[in-house]
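Each ligand, and each atom within it, is numbered from 1 in the order the structure gives. In what follows, residues are counted from 1 in the order of the sequence shown.
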Amino acid sequence: MSKKILVLPGDYIGPEIMAEAVKVLAAVDTQFGLGLELEYGLLGGAAIDETGVPLPDETLERAGAVDAILLGAVGGPKWDNVERHLRPERGLLGIRSKLGLFGNLRPAILYPQLADASSLKPEIVSGLDILIVRELTGGIYFGEPRGIRTLENGEREGYNTYKYSESEVRRIGHLAFELARKRNKKVCSVDKANVLEATVLWREVMEEIAPEYPDVELTHMYVDNASMQLVMRPKQFDVVVTGNMFGDILSDTAAMLTGSIGMLPSASLDKDGRGMYEPCHGTAPDIAGQGKANPLATILSAAMMLRYTLASPEAADAIEAAVSKVLDQGLRTPDIHSEGTQLVGTVEMGEAVVAALAS
Ligand code: IPM
Ligand code: MG
């Protein structure tokens, strides 16, 4: 049975890192006889340049027809001046929302080889293995009403709406508990229930579903404290479940614990486990076109895709082992480079992973 993948390289470093992930996919395809079929589409700035909109209908249609989507990164200064509703990020938010990809998994795992690359002391981060489960299609990112209006006194006012329905909280809660069951059986739900009613309800719903998972421990933490605890004592966490905006912020922090955001993959799943896979980092316009970007987050996203949506756990394991092997060999892109290791570029890193797969 063939497995169709829609590849959306995106903008700036997007196409560079994606090229390496595609090489790795081709290698595991041959090695494991997966029958992968790749097709390419446009999203974000690349789509604006070609078609005038960040999420062309054609991309959406094809995204709905394939088994999985692999995305590079979208956005950047080139499109800073386009109208708000046409910004590249709107394409990303649109595809997440239209495909119902509510469950965003962002694992922050410290590869022991990179303990030095973290800005925190090795003993704080060694062995780190956290999974951030971010709600991705609701909350303040999508709440209506929203906009910028002019008040009667002539002053402008920007406004957004933070809201979550019970069912939205329940489905992300169930996902987090299910995932915790396969890990260390701890869920920490992050909210701001001391101030925001929307998160008072969030906390209540988490408590309501907890009894269905007696084997999993549920705790709650305010988001400000969570941001502090993440850098103070990150290993206290197993699964962290939170809303869209808090998850966006905390996952960048969690990423840096591991040395570089260039290492962090993600999966965005719908209710049937179909999904879109993308690195957590952005398009890095400052280094685009220079062959310096770290392709590992995208390569690891491809591994997550094989595991979660394409039911090929052996191929996923093989990619993850190959990444670990190139790190053992001391190969480092600039974002994870430290003394005594070998500086390599995007292409060398991708090709080293392919070589490690074969060895
Ligand atoms: C992310 C990104 C996006 C988000 C941006 C590019 C819209 O920061 O995936 O974390 O905020 O969700
Ligand atoms: Mg982000």
Practice task
For atom 1 (C) of ligand 1, find the nearest protein heavy atom and state the residue, atom name and distance (0.1 Å precision).
Solution key: R106 NH2, 3.3 Å

Problem - Pair K186 + E217: basic N to acidic O under 4.0 Å - result: no

Completion exercise
Separation between CE (M304) and CG (L70), nearest 0.5 Å, reads 12.0 Å

Problem - N-O pairing of R87 and D80 below 4.0 Å - result: yes

Fill in the blank from the handout: of all protein heavy atoms, closest to atom 7 (C) of ligand 1 is E89 CG, 3.8 Å

Practice task
Please say whether E278 places an N or O atom under 3.5 Å from an N or O atom belonging to ligand 1.
Solution key: no

Fill in the blank from the handout: The atoms of ligand 1 lying under 4.0 Å from a heavy atom of R134, numbered in the order shown, are 1 (C), 4 (C), 9 (O), 10 (O), 11 (O), 12 (O)

Handout entry: Pair D238 + K185, salt bridge at N-O below 4.0 Å
Key = no

Handout entry: Any M245 heavy atom less than 4.0 Å from ligand 1
Key = no

Practice task
Say whether H281 and ligand 1 are in contact under the criterion: heavy-atom distance to a ligand atom below 4.0 Å.
Solution key: no

Practice task
Before accepting this row, confirm whether a basic side-chain N of the pair K4/E39 lies closer than 4.0 Å to the acidic partner's carboxylate O.
Solution key: no

Fill in the blank from the handout: atom 10 (O) of ligand 1 sits nearest the protein heavy atom D248 OD1, 2.9 Å

Completion exercise
Rounding to 0.5 Å, atoms CG (L257) and CD1 (I109) come to a distance of 12.5 Å

Exercise for the section: Check D248 and report its N/O/S atom nearest to the Mg ion (ligand 2), by atom name. Expected result: OD1

Exercise for the section: Describe, in one word, how the ring planes of Y213 and H174 are oriented to each other, choosing from parallel (under 30°), tilted (30 to 60°) and perpendicular (over 60°). Expected result: tilted

Problem - Closest approach of any protein heavy atom to atom 11 (O) of ligand 1, naming residue and atom - result: Y141 OH, 2.6 Å

